[in-house]
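Only one structure is covered here, and it is reproduced in the block below.
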Amino acid sequence: MAVTYYMLLQDRVEDALSFFGRVNPDRLPTRLQYDYFTAYLDFFTADPQQAGAIVQRYTDYPVDRWREALPLSASSWPRCTGSRMPW
């Protein structure tokens, strides 16, 4: 996860996608950050579909910081897909 983050900081999206593909979410102490990266990186794929479901899953998350961060991904949806959010 850390390498994915650093690749994104350097705008090395292809490398970030590659490293992120190696992450086993079952070995992480929490799923939230993994889901956030999944939603964010989904916008860089040919057919972004996962982001909408992930953002929707966290709309009632009890921690403000994360609940409010994921809608930022949702606001990017129309620009990346040319369509409105699916919900």
Residues that Ser18 engages under side chain to side chain donor-acceptor pair (under 3.5 Å), provided they are two or more places apart: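 Partners of Ser18 by the side chain to side chain donor-acceptor pair (under 3.5 Å) criterion come out as none, since no residue qualifies.
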In chain order, what residues pass the side chain to side chain donor-acceptor pair (under 3.5 Å) check against Tyr58, with sequence neighbours excluded?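 Counting only residues at least two positions away or on another chain, Tyr58 forms a side chain to side chain donor-acceptor pair (under 3.5 Å) with Asp35.
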When rounded to the nearest 0.5 angstrom, what distance separates CE in Met1 from CG in Asn24?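 Going from CE on Met1 over to CG on Asn24, the span is 11.5 Å.
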Report the distance from atom CD of Gln50 to atom CG of Leu41, rounding to the nearest 0.5 Å.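 Here the rounded value is 10.0 Å.
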With a 3.5 Å cut-off and sequence neighbours excluded, list the donor-acceptor pairs that the side chains of residues 9-16 form with protein atoms.
unit_1	atom_1	unit_2	atom_2	d
Gln10	OE1	Arg12	NH1	3.1
Arg12	NE	Asp15	OD2	2.9
Arg12	NH2	Asp15	OD2	3.0

Apply salt bridge (charged side-chain N to carboxylate O under 4.0 Å, His left out) to Asp60 and list each qualifying residue two or more places apart in sequence or on a separate chain.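 Once residues adjacent in sequence are excluded, Asp60 has no partner under the salt bridge (charged side-chain N to carboxylate O under 4.0 Å, His left out) criterion.
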If the condition is ring-ring contact (aromatic ring centres under 6.0 Å, His included), which residues does Tyr5 pass it with, not counting sequence neighbours?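 With neighbours one apart ignored, the set is empty.
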The criterion is ring-ring contact (aromatic ring centres under 6.0 Å, His included); which residues satisfy it with Tyr6, sequence neighbours excluded?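 For Tyr6 there are no ring-ring contact (aromatic ring centres under 6.0 Å, His included) partners, ignoring immediate neighbours.
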What is the minimum heavy-atom distance between Ala39 and Ala51, and which atoms define it?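 Heavy-atom minimum between the residues: O-CB, 3.6 Å.
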Angle between ring planes, Phe20 versus Tyr34, binned at 30° and 60°: parallel, tilted or perpendicular?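 Ring orientation, 0 to 90° scale: parallel.
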Salt bridge (charged side-chain N to carboxylate O under 4.0 Å, His left out) pairs, two or more places apart, involving residues 17-26: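 Those involving residues 17-26 do not exist here.
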Any side-chain heavy-atom pair of Ile54 and Asp42 under 4.5 Å: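 Counting from C-beta outward, Ile54 and Asp42 never come under 4.5 Å.
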State, with a plain yes or no, whether a side-chain heavy atom of Leu32 is found less than 4.5 Å away from one of Val63.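 Contact flag for Leu32/Val63 side chains = no.
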Tell me, please, which residues at least two apart from Val3 pass side chain to side chain contact (heavy atoms under 4.5 Å, CB included).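 Expected list: Met7, Phe19.
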